[in-house]
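A short worksheet on the structure shown next.
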Amino acid sequence: MPDIIKLLPDSVANQIAAGEVIQRPASVIKELVENAIDAGSTKITILVRDAGKTSIQVTDNGSGMSDTDARMAFERHATSKISSALDLFALHTKGFRGEALASIAAIAQVELKTRRKESEVGTRICINGSEVERQESISAPQGTTILVKNLFYNVPVRRKFLKANSTEFRYILQEAMRIAMVTPELNLSLYHNDEEVLNLLPGNTRQRIVGVMGKRINTNLLSINVETSVVRISGFVGKPEYARKKSGEQYFFVNNRYMRHPYFHRAVVEAYSGLLKPETVPSYFIYLDVDPESIDVNIHPTKTEIKFENEQAIWPILMAVVKEGLGKFSAAPSIDFDQEGAVEIPVLSNDTEIKVPTVNLNPDYNPFTRVGTSTVGGTTYKKNAPEDWEKLYNGFESDSATVPDETVHPEIKLVPSDLGMHEAEQEVRNSSFLQLKNQYIVTSVKSGLMLIDQHKAHTRILFEKYLSNIQNKRRVSQKLLFPETFHLNSADTIVLEELTESLGFLGFELDKLGTNDFVINGVPSDLKGQHPQVLIENIVNHASEGGRDYKEKLDEELADFMAAKTAIQAGQSLSTEEMEDLVNQLFACNNPNYTFKGGKVLTILQTEDVQNLFK
Ligand code: ADP
Ligand code: MG
């Protein structure tokens, strides 16, 4: 029987090892940028092409390397950072395995240019799949530039396994954001296909977080700080009402390194208890500092889970400091009122019950009973008003309210009555209509009494109209006299870019001004007092909360969201003609019974049941 054990050729062994460290373009960026930071750089520039699949280049102004070091750096287990096994337990420097460059060189085409301050000439090395192709002297600025091309070119399975560019780029951005938040003193920039995505100037931690997450977060950050014998905790937590459904603004760092920590996450959430709307997650940026020897960094370089020796002790400290941060805030809630001055107060009709915003002190503080404001693009909008704020507008629009233009929309015609259509519709046309509680339309039909939810009915009607506009690529837009500009954070920018085309068919004419800046040139013709920018921000939030499911049904989701926003609301009184129009349009819909989300639009109270009421 022949021997069956064979030694793998080096090249294959290298590729397998590389797979552990480098899983996707984002891992290359993490390793290269961490090396650049370790080299004492103050400015790091990342250039990415095609989400890193074509190329990734990281340039720094750090120490640079000598000829020999440059060559050595690509050897497996070559590192200048470990002198004894004990060092392994210290997390002070970031990379420590001496494997990153060797791994990258095994599965890509790499070009390194580097020069030390004290050397007159620099070095250039080209490596293809672990093979050094050339090394030569060149003139180069001080520091290091590493160019990584065609990642996984020699490992087709791995390359095939990479996700769509938008997804891979999201990983890259996430990695860059995590690094950025622990290096506020660094000038860090990221370009994708020549477009600037991040350009962060040196500043303090708060400025850095705002730089990364977008200006909107600035007024929502509350600082926390505590120092004990087991841990020092600092950073920021978001105001309760800033909590959103999407996760993605939760950041823990330990000894200046990003980590995931579900157990500590629960401590933070616990501190918010009673303050959050259901299913929302608070934002936080929390930096823990502990003795490096008291944590076990999983030696796997790409893992972000970390085991703490003093987990149990840290939990209550963390919870208390977050609580304290929130408490400070609730004790002085009027601050954000006063600062912003021009709060827009809706005109109230006489019969509206006016709620006085209440100011509660800890521990009864509840963010949902007070009115806050937020500043968007220089204008102040109401935010987190009492939950029933829409009722403030009750009857407000009703005088002038007409059923919007789609009444005369050529698309919507009555279904001929001989088609097997909704039984109810056959009789409604001659019926009279009655409005119940400014919310339901009541009319009699053959089998009994039909009740229609006016908001859901109009949502269904508009949904079908908007969807048909998107699907038929029909643009109906109203030019804005004064185009509005707005700013998003980088992650939201990516989401919005994916939506831009469909939004165009809904009537939003959007153009990109700069990296994360947009201008609204046109809007849908029937926005019903909705502020276009706020609406777009809502759509973006909704889309990023929706994740993959959302993308699959992008057009439907968009149409439904817009429809729900612009439809007649509950509480609006309608004239008989308006009710009739609405009912007619409803029964011209493909599916008058349910909204896209499955909400019941109408119900019929059977005559028999009515009769029973009198027994
Ligand atoms: P590690 O970072 O774990 O030491 P790497 O493979 O990432 O291992 O890097 C190997 C060595 O190459 C580093 O220890 C460092 O000496 C050198 N090196 C890598 N990148 C840079 C850089 N941008 N500037 C200066 N030296 C670098
Ligand atoms: Mg390294």
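Keep in mind the model is a prediction, meaning the values are calculated, not measured. Order of listing sets the numbers, starting from 1, for every ligand and every atom in it.
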### Query
Which of these, L186, L188, N187, sits in a side chain to side chain contact (heavy atoms under 4.5 Å, CB included) with L201?
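Result: among L186, L188, N187, N187 is the only option passing the side chain to side chain contact (heavy atoms under 4.5 Å, CB included) with L201.
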
### Message
I'd like to know whether Y258 forms a side chain to side chain contact (heavy atoms under 4.5 Å, CB included) with Q174, so could you lay out the CA-CA distance, the side-chain angles of the two residues, the decisive distance to 0.1 Å, and finally the verdict.
### Response
CA-CA 11 Å; Y258 173 81; Q174 187 182 55; over 6 Å; no

### Query
For I146, is at least one N or O under 3.5 Å away from an N or O on ligand 1?
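No; every N/O pair is 3.5 Å or more apart.
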
### Task
Would you check whether D60 has a nitrogen or oxygen atom less than 3.5 angstrom from a nitrogen or oxygen atom of ligand 1?
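Min N/O separation from ligand 1 is below 3.5 Å for D60.
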
### Query
For S63, is the nearest heavy atom under 4.0 Å from an atom of ligand 1?
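Judged by the 4.0 Å heavy-atom criterion, S63 does count as contacting ligand 1.
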
### Min heavy-atom dist E31 to ligand 1 below 4.0 Å
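For ligand 1, residue contact (heavy atoms, under 4.0 Å) with E31 is absent.
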
### Task
Determine whether the side chains of N516 and H487 contain a donor N or O and an acceptor N or O closer than 3.5 Å.
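Judged by distance alone, the side chains do not pair up.
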
### Message
For the residue pair R159 / N154, report whether a side-chain donor-acceptor contact shorter than 3.5 Å exists.
### Response
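No, because no side-chain N or O of N154 sits under 3.5 Å from a partner of the opposite role on R159.
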
### Task
Check ligand 1 against A73 and write out every atom of the ligand that is under 4.0 Å from a heavy-atom position of the residue.
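Near A73, the atoms of ligand 1 are 10 (C), 12 (O).
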
### Task
Considering the heavy atoms of E99, write down every atom of ligand 1 situated less than 4.0 Å from one of them.
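Those of ligand 1 that fall under 4.0 Å from E99 are 6 (O), 8 (O).
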
### Task
Please state which part of A100 comes within less than 4.0 Å of ligand 1, counting heavy atoms only: side chain, backbone, both or neither.
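Both backbone and side chain of A100 come within 4.0 Å of ligand 1.
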
### Task
Record the part of T144 in heavy-atom contact with ligand 1 below 4.0 Å; permitted values are side chain, backbone, both and neither.
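The answer is the side chain.
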
### Query
Hey, does the side chain of R115 reach the backbone of T144 with a donor-acceptor pair shorter than 3.5 angstrom?
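Flag not set: sc R115 to bb T144 has no pair under 3.5 Å.
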
#### Entry: Near-ring test F308/H261, centroid separation under 6.0 angstrom
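Yes: the rings meet the under 6.0 Å criterion.
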
